[in-house]
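Starting from 1, each residue takes its place in the sequence as its number.
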Amino acid sequence: MQLGLQGKVALITGGSKGIGLATAISLSREGAKVVICARNEDQLQEAAVHIGNLTEGEVLAVQADVTSEADCKRAVEQAVERSALYIFS
């Protein structure tokens, strides 16, 4: 399926397992550069490697707890920063 996501950046919360991980894999396969967030750093890093190995896509892992406003803000800032790197590099 072609969703026109090539070069777009997707921020996925809960991206280390379950539906979040499946979503990140699907979006990466569609060509999106994915930023995954989760609370558990170890699981998050494992998921990022897994996604990269499956899709050969670009993955950024950001440890964040979505119940924390500061963590959410940091995750979005890093996703925006990453998207600027994709656009201008």
Side-chain angles (χ1 to χ4, degrees):
M1 176 184 334
Q2 286 296 338
L3 299 174
L5 298 178
Q6 191 68 37
K8 305 286 186 191
V9 177
L11 174 63
I12 300 111
T13 60
S16 66
K17 57 186 176 180
I19 294 171
L21 177 59
T23 300
I25 291 167
S26 294
L27 294 177
S28 184
R29 284 184 172 147
E30 287 293 322
K33 297 163 187 340
V34 297
V35 180
I36 58 171
C37 300
R39 291 177 293 180
N40 185 293
E41 181 70 29
D42 292 336
Q43 289 177 350
L44 184 63
Q45 293 303 324
E46 288 175 17
V49 169
H50 179 66
I51 295 165
N53 287 341
L54 278 177
T55 68
E56 298 181 5
E58 296 182 46
V59 183
L60 173 64
V62 178
Q63 189 281 327
D65 181 345
V66 297
T67 65
S68 164
E69 184 176 342
D71 279 9
C72 290
K73 182 177 179 181
R74 182 175 45 78
V76 170
E77 286 172 350
Q78 289 186 25
V80 169
E81 180 180 294
R82 177 58 62 101
S83 68
L85 291 174
Y86 293 144
I87 292 167
F88 298 115
S89 62

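- Hydrophobic clustering of Ile, Leu, Val, Met, Phe, Trp and Tyr side chains at less than 4.5 Å, counting indirect connections, keeps Ile12 apart from Val66.
- Nearest heavy atom pair, residue Arg39 against residue Gln63, reads O-NE2, 2.9 Å.
- Shown here for Gln78 and Val62, the closest heavy-atom pair between the two residues is OE1-CG2, 3.2 Å.
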Start with the C-alpha distance between Ile36 and Ser16, add both sets of side-chain angles, then the distance that settles side chain to side chain contact (heavy atoms under 4.5 Å, CB included), and finish with yes or no.
CA-CA 7 Å; Ile36 58 171; Ser16 66; 5.7 Å; no
Expected list for residues 44-54: side-chain donor-acceptor pairs under 3.5 angstrom, two or more places apart:
residue	atom	partner	partner atom	Å
Gln45	NE2	Glu41	OE2	2.7
Asn53	ND2	Val49	O	3.4

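- The nearest pair of heavy atoms linking Asn40 to Asp42 is OD1-N, 3.1 Å.
- To the nearest 0.5 angstrom, Leu21 atom CG is 8.5 Å from Thr23 atom OG1.
- Between the side chain of Ser28 and the backbone N or O of Ala24 there is no donor-acceptor pair closer than 3.5 Å.
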